[in-house]
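Note that the coordinates shown come from a computational prediction; the quantities given were computed from them, not determined experimentally.
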Amino acid sequence: MSAAKKLPVLFGFLGSDTVADPVGAIADVVVIGVPFDLATTGRAGARGGPDAIRLASGHLSWQRNYWPWRFALADRLRVVDAGNLAFRTASPADMVAALQAGVRDVISSGKRLLTLGGDHFISLPILREHAAKYGPISLVHFDAHADTEDLEGEFNHGSMFLDAQREGLIDPARSVQIGIRTEYDFIGYPITVLDAVWVHERGPKAVVAEVARIVGDAPAYLTFDIDCLDPSFAPGTGTPHPGGLSTQQALQILRRLVDLNVVGMDVVEVAPAYDHAEMTALAAASIGSEMLHVFAAKRSDLDAIGFSPAC
Ligand SMILES: [Mn+2]
């Protein structure tokens with residue numbers, strides 16, 4: 001077991017209650033933070049992401065009906081924040097064991113998870129537990145990088161989605177990567193890529209239509225690497241890359257995904273040491289908020305605000 005001391009979290013995501021026992025808590029969704037950045041290849045610092053995102057979410061949480069929605073999230077979804085995962089400092093293997101055990105306990109109690117990273121490697125242990133429950137998952141992956149480098153077995157935030165394929169955790173034919181704008185092994189590549197230029201030229205509605213076509217009603221896991229956003233919108237991250245999505249484009253895509261069968265989600269790679277004026281953390285908090293609304297909303301809610309995918 002971990003020798004790490006679990007530090008108290010003073011502010012729950014979007015003002016949610018903090019709980020010591022997420023398994024016993026009465027909740028639909030549990031938020032957890034994973035303050036881990038030992039799998040980064042560029043600048044480290046994503047271990048500070050969870051707390052920065054929670055703090056920035058305070059700028060949003062005064063709303064009852066989060067714009068543009070016309071319902072109150074709290075009326076539909078019970079959200080609690082379980083604080084940050086405890087694991088032995090400087091031990092990636094211990095983090096993986098602790099995270100898998102924590103995820104397993106929460107999702108086997110019937111709740112779903114919104115995880116705040118941490119570097120992107122954390123999605124791999126989370127996916128292992130979701131695949132164990134749901135079978136191979138449709139990955140809906142927002143990122144500047146494909147994260148499918150061939151580095152088997154390493155703790156590396158650039159390779160875990162190839163490992164996820166090798167382990168049979170995700171169904172590549174029903175997965176999609178959005179916003180990619182760096183090199184990947186595209187010959188025979190099994191996952192559909194809607195690269196950053198594709199998104200810029202065709203727009204959020206076309207992205208949503210493609211995602212719906214590819215994913216259908218399969219159990220879907222949303223993972224949002226904040227470096228999917230352009231560095232002008234999200235400078236506070238370890239491996240920024242120009243030419244990315246705006247925060248607005250990302251939110252317009254996410255809020256239209258209400259028809260997906262989303263079983264879990266994460267927002268990762270916020271590194272507050274490189275942030276300015278909380279803009280990256282605030283973008284991540286907004287994305288997390290939109291993800292919770294995707295859990296809570298129905299197609300009729302989108303129709304009510306004129307934001308249906310077909311509009
Ligand atoms: Mn990534």
Side-chain angles (χ1 to χ4, degrees), residues 22-23 27-32 34 76-79 82 96 99-118 120-143 146-148 160-179 190-194 207-225 228 250 253-268 287-299 301-302 309:
V23 176
D28 303 300
V29 178
V30 174
V31 179
I32 59 166
V34 182
R76 298 209 188 158
L77 209 61
R78 296 165 298 184
V79 180
V96 168
L99 181 54
Q100 285 192 224
V103 170
R104 190 183 316 133
D105 288 347
V106 168
I107 67 176
S108 64
S109 72
K111 305 176 183 75
R112 289 175 287 185
L113 273 169
L114 167 61
T115 305
L116 310 176
H120 212 162
F121 175 77
I122 67 167
S123 298
L124 182 61
I126 297 170
L127 281 170
R128 285 185 184 130
E129 296 302 328
H130 283 76
K133 176 166 181 174
Y134 296 102
I137 301 285
S138 284
L139 190 69
V140 181
H141 171 205
F142 297 81
D143 208 314
D147 294 346
T148 50
M160 66 282 164
F161 293 138
L162 183 57
D163 289 334
Q165 292 174 60
R166 286 171 165 156
E167 294 182 29
L169 309 180
I170 63 174
D171 179 354
R174 299 189 79 172
S175 296
V176 56
Q177 298 181 300
I178 302 160
I191 301 173
T192 301
V193 174
L194 309 178
V207 173
V208 172
E210 264 307 90
V211 172
R213 187 185 66 76
I214 295 160
V215 176
D217 59 359
Y221 186 85
L222 302 184
T223 181
F224 200 108
D225 186 324
C228 182
I253 295 167
L254 283 168
R255 68 172 57 109
R256 286 184 164 95
L257 298 180
V258 296
D259 291 337
L260 294 189
N261 175 22
V262 177
V263 296
M265 52 212 174
D266 63 47
V267 187
V268 299
I287 286 162
S289 170
E290 234 27 84
M291 287 177 165
L292 291 176
H293 283 83
V294 167
F295 269 164
K298 307 177 188 68
R299 172 66 78 97
D301 296 305
L302 275 179

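Atom CZ of R299 and atom CZ of R256 lie 10.5 Å apart (nearest 0.5 Å). For the atom pair CZ (F295) and CG (L257), the distance works out to 12.0 Å, reported to the nearest 0.5 Å. Interatomic distance, L222 CG to L114 CG, rounded to the nearest 0.5 Å: 10.0 Å. Interatomic distance, I137 CD1 to N261 CG, rounded to the nearest 0.5 Å: 9.0 Å. Between the CG atom in D143 and the OG atom in S123 there is a gap of 9.0 Å [rounded to 0.5 Å].
For F161, the ring-ring contact (aromatic ring centres under 6.0 Å, His included) test picks out H120, H141, with sequence neighbours left out. Residues forming a side-chain contact (heavy atoms from CB on, under 4.5 Å) with R78 (at least two apart in sequence, or on another chain): I26, D28. Annotation: salt bridge (Lys or Arg N to Asp or Glu O under 4.0 Å) contacts of D301 (sequence neighbours excluded): R76. For I214, the side-chain contact (heavy atoms from CB on, under 4.5 Å) test picks out V176, T192, E210, with sequence neighbours left out. Qualifying side-chain contact (heavy atoms from CB on, under 4.5 Å) partners for P136, counting only residues two or more places apart in sequence or in other chains: D171. With sequence neighbours left out, the side-chain contact (heavy atoms from CB on, under 4.5 Å) criterion links D217 to R174.
Residue Q177 comes nearest to T148 through the heavy atom pair NE2-CG2, 4.3 Å, listed as atom of the first residue, atom of the second, then distance. The shortest non-hydrogen separation linking V268 to G118 is CB-O, 3.6 Å. Nearest heavy atom pair, residue V208 against residue I253, reads CG2-O, 3.7 Å. Taking both residues in full, the closest heavy atoms of I32 and A82 are given as CG2-CB, 3.8 Å, listed atom of the first, atom of the second, then distance.
Side chains of L169 and L124 form a contact here, defined as non-hydrogen atoms less than 4.5 Å apart. Contact of the T223 side chain with the I126 side chain is not registered, since no non-hydrogen atoms from C-beta on lie closer than 4.5 Å. Under the 4.5 Å side-chain criterion, counting only non-hydrogen atoms from C-beta, L127 is not in contact with E167. Under the 4.5 Å side-chain criterion, counting only non-hydrogen atoms from C-beta, I287 is not in contact with F142. Between L260 and V294 there is no side-chain heavy-atom pair separated by less than 4.5 Å.
In this structure, H130 and Y221 have perpendicular ring planes: the angle between them is above 60°, well past the 30° mark.
Listed by first and then second residue, the salt bridge (charged side-chain N to carboxylate O under 4.0 Å, His left out) pairs involving residues 100-113 are R104-E129 (not counting sequence neighbours).
The closest donor-acceptor contact from the side chain of S175 to the backbone of L139 lies under 3.5 Å.
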Check your understanding: Passes side chain to side chain contact (heavy atoms under 4.5 Å, CB included), Q165 versus I170? Steps please.
Key -> CA-CA 6 Å; Q165 292 174 60; I170 63 174; 3.8 Å; yes
Check your understanding: Step by step, would you call M291 with D266 a side chain to side chain contact (heavy atoms under 4.5 Å, CB included)?
Key -> CA-CA 9 Å; M291 287 177 165; D266 63 47; over 6 Å; no
